[in-house]
Amino acid sequence: MARSDEASAFFFAVYSAVQEIPHGKVTSYAHIARLVGTPQRPRQVGVCLKHLPTDAGARYNNTNVPWQRVINAKGVISPRSQPSGARNQAEALEAEGVTVGRSAMGELTVDFAEHGWFPRSLPSEGSEAEDSEEDSEDGA
DNA sequence: AGAATGACCTCTC
DNA sequence: CGAGAGGCCATTC
């Protein structure tokens, strides 16, 4: 529980933004932080999810908030503090139909070009990105 | 009370 | 292009 109302407001903003994530899509903490109006505080977003209420009676809880769809900007699921947590998140993502890959270090990775949900173009992705999106189809 | 950590990101060398 | 340091705020010891 947040000690300050403003703090709780930040939490609610984050949870609400996470709920905005469509099914089978994933986004990064930075994006959520930006949506809530605090692009300089991506860590707090993680803290929000970390302290996500497990109470089914709470307005926001790990059952109503798809926290699993939230990963880091590298497209990799943070190992959190326990490998089980990250793996559990990967399992949930796969259950959503998200393709979860694995890095050489065994880190779970998600392809943003596949399930990347970005209502607003990120400066890192391409500030002047034109309409030519989703064109990364290699075609093999 | 203060100090340390953390589900992070961005800039700079 | 790769590695490093800084910064932010809440939770916890």
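Lettering follows sequence order; numbering is per chain, from 1.
The separation between A:R41 atom CZ and B:dC9 atom P is 15 Å, rounded to whole Å. For the pair A:I32 CD1 and C:dC8 P, the interatomic distance rounds to 22 Å; values are reported in whole Å. Look at CZ on A:R43: it is 14 Å from P on C:dG6, rounded to the nearest Å. Distance CZ (A:F10) to P (C:dA10): 9 Å, rounded to an integer number of Å. Taking atom NZ of residue A:K50 and atom C1' of nucleotide C:dT12, one finds them 8 Å apart after rounding to whole Å. Taking atom CD of A:Q40 as the reference point, atom C1' of C:dC8 lies 8 Å away to the nearest angstrom. Atom OH in A:Y29 sits roughly 11 Å away from atom C1' in B:dG6 (whole-Å rounding). Here B:dA7 presents its P atom at 15 Å from CG of A:L108, a figure rounded to the nearest Å.
Applying the salt bridge (charged side-chain N to carboxylate O under 4.0 Å, His left out) rule to A:E20 yields no partners; only residues at least two apart in sequence or on another chain are considered. Applying the side-chain contact (heavy atoms from CB on, under 4.5 Å) rule to A:K74 yields the partners A:N72, A:V76; only residues at least two apart in sequence or on another chain are considered. By the salt bridge (charged side-chain N to carboxylate O under 4.0 Å, His left out) test, A:R59 is found to be paired with no residue, residues two or more places apart in sequence or in another chain being considered.
Taking the side chain of A:R80 as heavy atoms from C-beta on, and the options B:dA7, C:dC8, C:dA10, the nearest nucleotide is B:dA7. Closest to the side chain of A:L49, out of C:dT11, B:dA7, B:dC9, is B:dA7. Comparing C:dT11, B:dC9, B:dA7 against the side chain of A:V47 picks out C:dT11 as the nearest. The nucleotide whose nearest atom lies closest to any side-chain atom of A:A30 is, among B:dA7, C:dT11, B:dT10, B:dT10. The A:H51 side chain lies nearest to C:dT11 when the options are B:dC9, B:dA7, C:dT11.
Taking the six-membered ring for Trp and the full ring otherwise, A:Y60 and A:F11 have centroids separated by 6.0 Å or more.
In this structure, A:G46 and A:P39 both approach DNA chain B, and ranking their closest nucleotides by distance from the 5' end singles out A:G46.
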For residues 95-104 of chain A, which side-chain donor-acceptor pairs fall under 3.5 Å, sequence neighbours excluded?
unit_1 : atom_1 : unit_2 : atom_2 : d
A:E96  : OE1    : A:H23  : ND1    : 2.5
A:E96  : OE1    : A:R69  : NH2    : 2.9

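Applying a 4.0 Å cut-off to non-hydrogen atoms, the residues of residues 66-77 of chain A that approach DNA chain B are A:W67, A:N72, A:A73, listed by residue number.
Note on residues 36-55 of chain A: no pairs pass salt bridge (Lys or Arg N to Asp or Glu O under 4.0 Å), not counting sequence neighbours.
One P atom belongs to B:dA4, the other to C:dG6, and the distance between them is 15 Å to the nearest Å.
No more than 12 heavy atoms of other residues, nucleotides or ligands lie within 6.0 Å of CD in A:Q40, so this atom counts as exposed by the packing criterion.
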